[in-house]
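Bear in mind the structure is a predicted one, so any value in this text is a computation, not a measurement. Throughout, protein chains are lettered first and strands after them, A, B, ... in sequence-line order, and every chain is numbered starting at 1.
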Amino acid sequence: MGNGRPGCPSFRELMALMDGELAEDLRRKVEEHLESCARCRSIVDSQQRMEQSWRDAFEAPPESGFRRMRKEVMQRDGSSSGSRLLRFGLPVAAALIAALIGLRLFVPGVGGLLGTESPSVSAARRAEETMATTRDESGAAEQAPAGAAGGEIEETAEYAQQQVDTTAITSAEPAEVAAHREPGPSGIDDVPTDATESVSRTGREDADLAVQTGAGEAPAPEEAEEEVDQSFMGAGSGGGAAGCVTVSESVDVSSEDESAGLGEAAPEMTSLEVGQEESAPMSCPPESVWVSQETARQPGEDSLDAAAAYGMGLALVEKDEDAADSTARVRSSISHDGTIAGSAAQWDSTFMLHLTFDSAGGVSSDREQLLDSLAGGWRDSLQGLHADTTVTLTLQRILELVGLP
Amino acid sequence: MLLAVLLMSAAAETPEERELIERARKGDREAFGEIVKMYQNRVFRLARRMSRSDDDAWDITQDAFIRAMDAMERFDPQYRFFTWMYRIVVNLAINRTEKRKRRGEVRFVEEYDGEGSQVVEDQALERAAAEELAEAVKRAVGRLSPPLRAVFVLRVDQGLSYSEISETLDIAMGTVMSRLSRAREAVRESVSGLLGPESAREGG
């Protein structure tokens with residue numbers, strides 16, 4: 001990967017800079033590099049130009065299209081829950097049927113209208129199917145083409161059967177969440193977004209938080225690549241090993257990164273990256289996964305080994321045996337505007353810090369002054385949380401632990 | 001040197017939006033209608049970028065809102081509505097494309113296409129007119145496999161942050177980055193190829 005030039009950041013790093021996603025230290029370094037490297041500048045410039053021209057070229061459709069679409073959507077009377085319809089619609093429908101039977105007319109649509117399921121039934125069904133759909137949705141999809149262009153009724157109905165159930169991400173009872181826990185790559189919608197809470201409570205990432213959005217590609221090689229290729233990103237990214245040999249190498253790279261110029265660090269990062277990708281499937285045990293901070297912090301779980309992290313709130317932890325092929329998910333735990341109120345704008349809540357615990361549980365940090373000013377009393381609050389280890393957490397998480405809003 | 005891109009997607013919901021969402025969750029159809037109006041442009045745009053024609057995009061848009069309406073009661077408001085909405089759109093688009101793929105109608109740049117490609121530094125890329133470039137990118141994006149395309153579109157066209165993409169697609173941050181990178185490299189290569197033989201390929 002990378003641009004093959006020693007001393008230059010990788011393509012990915014350049015893009016991350018362009019996207020505004022590099023953590024502060026690395027951002028400064030890459031920006032400095034760009035000041036003196038015409039080649040990297042031209043890559044970024046041409047990429048921006050390309051993307052901007054594509055963005056600009058979008059032609060918005062006429063309002064009439066939207067009106068038509070809204071009309072189709074709003075005139076559906078499936079309503080949001082089958083149970084509601086059953087409560088209020090059934091007596092009406094029953095009367096209608098009786099009347100029509102009396103008139104010897106057949107009413108085919110009634111079955112469809114009443115063919116909706118209550119949410120709990122839907123959830124149970126979803127648990128049985130990898131790519132599930134609720135009947136009301138398939139009903140919806142079948143009826144949708146009526147307003148759509150093109151005679152694709154058959155196609156629409158067919159794909160509706162296979163549609164991943166997006167309603168799964170809505171709030172779920174624990175029972176529903178449990179019902180979703182099926183093994184295998186079950187598509188992104190099988191587990192509710194808010195299931196992170198439940199996942200956190202049970203302390204492990206679920207096997208079916210697969211990344212595949214129905215594309216059917218094998219998760220394994222992808223995971224291996226993900227897990228190890230972000231070591232270059234992030235302020236003070238102390239790469240810690242946690243069962244992943246290649247990742248542990250990044251510790252040295254990162255610490256050197258702090259003191260060395262980008263030029264020195266880059267070749268190591270580049271080759272490390274390549275090396276990691278090559279060896280990742282073999283060296284990184286499949287048990288190691290990236291999980292959200294919340295998941296990692298469960299009582300009874302092994303304490304975090306040092307985390308290979310970057311400025312986005314991930315930590316590498318050891319996980320239970322069961323979740324064999326799980327890939328992780330970052331739980332966005334930051335406030336909506338990404339900052340912590342009251343702190344200087346430069347410290348956004350995804351900023352990563354190291355906390356080092358000695359054998360007595362006493363804690364120190366690479367950013368003690370920062371913590372002193374933003375998280376007063378942090379030493380006392382965090383005392384004893386871990387021992388003999390270094391963890392990397394987001395600022396947000398530390399504030400939560402210290403008990404600040 | 002970084003351009004500030006005008007982002008279309010809402011990072012935060014306004015109080016008005018939240019109120020509408022709350023009302024819609026309780027079954028207020030009129031409120032949902034307002035939500036449709038608020039999101040229709042973004043949803044259509046995402047659908048259009050993910051699909052191959054206006055017709056497809058309208059189908060997806062309509063289906064997406066219908067699904068959202070049906071599921072609205074169960075939407076958990078602690079999450080951002082647009083990520084939920086976008087996820088529905090992306091899934092619908094991907095399913096539609098997967099069908100076509102199974103039928104052999106389309107062919108994509110797959111994610112694991114051998115070694116990572118070298119980044120192309122390209123004169124032709126730089127010299128091309130904006131319209132030409134846009135058209136080439138459009139075609140290149142159409143050749144990406146749906147998972148790659150989704151990340152590319154969400155980042156480049158919708159301006160979502162990596163973490164928002166991660167939340168929307170329910171994939172790990174690492175996956176977001178690797179897919180995005182791969183997608184961009186593939187698009188770059190395609191575009192260079194499309195723009196003409198004078199493209200100079202950067203050697204390794």
(request) Select one option (side chain, backbone, both, neither) describing which atoms of B:A57 are under 4.5 Å from chain A's heavy atoms. (result) neither

(request) Would you mind telling me which of A:G65, A:A57, A:A60 has the largest number of heavy-atom pairs within less than 4.5 Å of chain B? (result) A:G65

(request) Take atom CD of B:E22 as the centre, draw a 6.0 Å sphere, and report whether it contains more than 12 heavy atoms from other residues, nucleotides or ligands. (result) yes

(request) Could you give me the CA-CA distance, side-chain angles and deciding distance for B:E135 and A:W54, then say whether side-chain contact (heavy atoms from CB on, under 4.5 Å) is met? (result) CA-CA 7 Å; B:E135 190 53 38; A:W54 178 63; over 6 Å; no

(request) Could you tell me which non-hydrogen atom of A:M50 sits nearest to which non-hydrogen atom of B:V187, and how far apart they are? (result) CE-CG1, 4.0 Å

(request) Taking all non-hydrogen atoms of both residues into account, name the closest pair between B:Y162 and A:A16 and its distance. (result) OH-CA, 3.4 Å

(request) From the options A:Q47, A:R55, A:Q52, select the one residue that forms a side chain to side chain contact (heavy atoms under 4.5 Å, CB included) with B:V156. (result) A:R55

(request) List the steps and the verdict of side-chain contact (heavy atoms from CB on, under 4.5 Å) for B:R155 and A:D19. (result) CA-CA 8 Å; B:R155 172 60 222 147; A:D19 292 337; 3.0 Å; yes

(message) So, taking the atom named CG in B:L180 and the one named CE in A:M15, what distance separates them when rounded to the nearest 0.5 Å?
(response) 9.0 Å

(message) Could you tell me if the side chain of B:R184 sits less than 4.5 Å from the side chain of A:E51, heavy atoms only?
(response) yes

(request) Give the minimum heavy-atom separation between A:R12 and B:S181, together with the two atoms involved. (result) NE-OG, 3.4 Å

(request) Enter the distance from A:M69:CE to B:F65:CZ here, rounded to the nearest 0.5 Å. (result) 5.0 Å

(request) Starting at CD of A:Q75, measure out to CD1 of B:I66 and round the result to the nearest 0.5 Å. (result) 9.0 Å

(message) Less than 4.5 Å to any heavy atom of chain B: does that hold for the side chain of A:E59, its backbone, both, or neither?
(response) neither

(request) Determine, for A:F58 and B:R45, whether the Lys NZ or Arg CZ falls below 6.0 Å from the six-membered ring centre while staying within 45 degrees of the axis. (result) yes

(request) Flag the pair A:M74 / B:F32 as yes when at least one side-chain heavy-atom distance between them is below 4.5 Å, and no otherwise. (result) yes

(request) Evaluate the ring planes of A:F66 and B:F44, with Trp represented by its six-membered ring, and classify them as parallel (under 30°), tilted (30 to 60°) or perpendicular (over 60°). (result) perpendicular

(request) Compare every heavy atom of A:S46 with every heavy atom of B:R188, then report the nearest pair and how far apart it is. (result) NH2-OG, 2.9 Å

(message) Is the shortest side-chain heavy-atom distance between B:Q40 and A:R67 below 4.5 Å?
(response) no

(request) Check for a donor-acceptor pair, side chain of A:E72 on one end and backbone N or O of B:Q62 on the other, with a separation under 3.5 Å. (result) no

